[in-house]
Amino acid sequence: MSETNTFSIRVEPTKHSRLSQVDFNNLKFGQAMSDHMLVANYENGAWTDVSIVPYGDLTVSPSMSALHYGQAIFEGIKGYKFEDGTVSIFRPDKNWERFNKSARRLQMPDVPEEIFIGGLKTLLDIDRNWVPSTEGTSLYIRPFMFGTEAALGVHPSASYKFVIITCPVGAYYSKPISLKVETYYTRAAEGGVGFSKNAGNYALSLYPTQLANEEGYDQIMWTDAAEHKYIEEAGTANLIFRIGDTIITPHGDTILHGVTRRTIIELAEKWGYKAEQRKVSVQELIEGIKSGAVSEAFAAGTAATVTHISKIGFEGQNYELPPIEGRDFSNKVLDYLNQLRYGKIEDPFGWNFIV
Ligand SMILES: *Cc1c(COP(=O)(O)O)cnc(C)c1O
């Protein structure tokens, strides 16, 4: 049974919904996939066959270019359910823009708004019962694209698949994390691909992160590739500091420009804080922790919104940050965004995209 909607997205509904098999009180991240996925193919210079089909395996060639040369990018977005059942997606337009920036850097085609945003909307409409409703839960949305051409030569793939899969995720209670300032391994260099959400950026982080874990730290605080002097970001989240009454976040093309980071900077400005996007040296941070000028430090990303940082390790020394209770800016951000995303307060910025 197929039908065509206004975006000419072909919809093939599942005959066997798995919804009743999912224990919504015990969700493990990224394991219970929703009933449907969106798949679109790029061939001969154009996107075709945009379809929503039952979630399932894809058939690919073993010589597929993404597996060998890494043309693979993704996004991470969240959908929420209001008390009245409304389904809302948080700022997906920003993810769409960033996705296409990642695509261009890796010589991949843009995905048009009708497919990315329109597809997201149609997919979430069909799987709206998969969006969990209890406080703290959400539907994690993973759009991705990869080169599918079956050929071993190193050149841009002639064909691609764009796919969106989703899964309900449980309440995210983030514990404060400890970070190790990384002064040897490098995530991204000037002119590289640090700003793009491409698969390779995560593969390269696994080994140094494992070493940091063995030393007792939760994650790495990456520093610049040239001198290891300036702070960049954490594993999958941006870093934000409060120094005096200024909210500061590292800047540049070697970091991923997070939607959460941007959102928090916009809120800081609106709330009358001074907000700066600039280089932050490790020395400025360490000196500031010692003097008490650094009163808040947190990681910002779609997964947890705000993850407080408890401790920073640098050259064998640990530097403790002030107690979480006193961190009024980050606690206020967390509370405000929670209320906004569940539709409990006005949305003055138009950040909620209603499905
Ligand atoms: C996804 C990601 C972030 C956070 O971006 P959001 O848009 O806020 O989720 C930060 N750093 C890296 C490396 C990431 O992959």
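Start at 1 and go down the list; that is how both ligands and their atoms are numbered.
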For atom 8 (O) of ligand 1, closest protein heavy-atom neighbour
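Closest protein heavy atom to atom 8 (O) of ligand 1: T260 OG1, 2.6 Å.
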
Starting from atom 3 (C) of ligand 1, which protein heavy atom do you reach first, and at what distance in Å?
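Among all protein heavy atoms, the one nearest atom 3 (C) of ligand 1 is T236 O, 3.4 Å.
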
Show which atoms of ligand 1 fall inside a sub-4.0 Å distance from at least one heavy-atom site of [X].
X	answer
R98	5 (O), 6 (P), 7 (O)
V259	6 (P), 7 (O), 8 (O)
G235	13 (C)
G258	5 (O), 6 (P), 7 (O), 8 (O)
T302	6 (P), 7 (O), 8 (O), 9 (O)

Touching ligand 1 at all, G76? Heavy atoms, strictly under 4.0 Å?
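The answer is no: ligand 1 sits nowhere under 4.0 Å from a heavy atom of G76.
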
In this structure, does ligand 1 have an atom that sits under 4.0 Å from one of the heavy atoms of R187?
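Heavy atoms of R187 do come under 4.0 Å of ligand 1.
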
Atom of Y342, atom of T137 and distance for their closest heavy-atom approach
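It is OH-O, 2.6 Å.
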
Closest non-hydrogen atom pair, M33 against C167
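Scanning both residues completely, I find the closest heavy atoms to be SD-CB, 3.5 Å.
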
Is the Lys NZ or Arg CZ of K78 less than 6.0 Å from the centre of F90's six-membered ring, within 45° of the axis?
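Because its charged atom misses either the 6.0 Å distance or the 45° angle limit, K78 does not stack over F90.
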
Looking only at distances, can you tell me whether any N or O atom of [X], backbone or side chain, sits closer than 3.5 Å to an N or O atom of ligand 1?
X	value
K197	yes
E233	yes
Y202	yes

Mind running ring-ring contact (aromatic ring centres under 6.0 Å, His included) on F314 and Y319 for me, showing each step along the way?
CA-CA 8 Å; F314 176 54; Y319 300 88; 7.1 Å; no

Which class fits the ring pair F329 and Y273: parallel under 30°, tilted 30 to 60°, perpendicular over 60°?
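Because their plane-to-plane angle is over 60°, the rings of F329 and Y273 count as perpendicular.
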
Please state whether the rings of W271 and Y336 are parallel, tilted or perpendicular, taking 30° and 60° as the class boundaries.
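Perpendicular: the ring planes of W271 and Y336 meet at over 60°.
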
If you measure only the distance, is there a donor-acceptor pair under 3.5 Å linking the side chains of H228 and T183?
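No.
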
Do W96 and V87 land in one hydrophobic cluster if side-chain heavy atoms of ILVMFWY residues count as linked below 4.5 Å?
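Cluster IDs for W96 and V87 match.
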
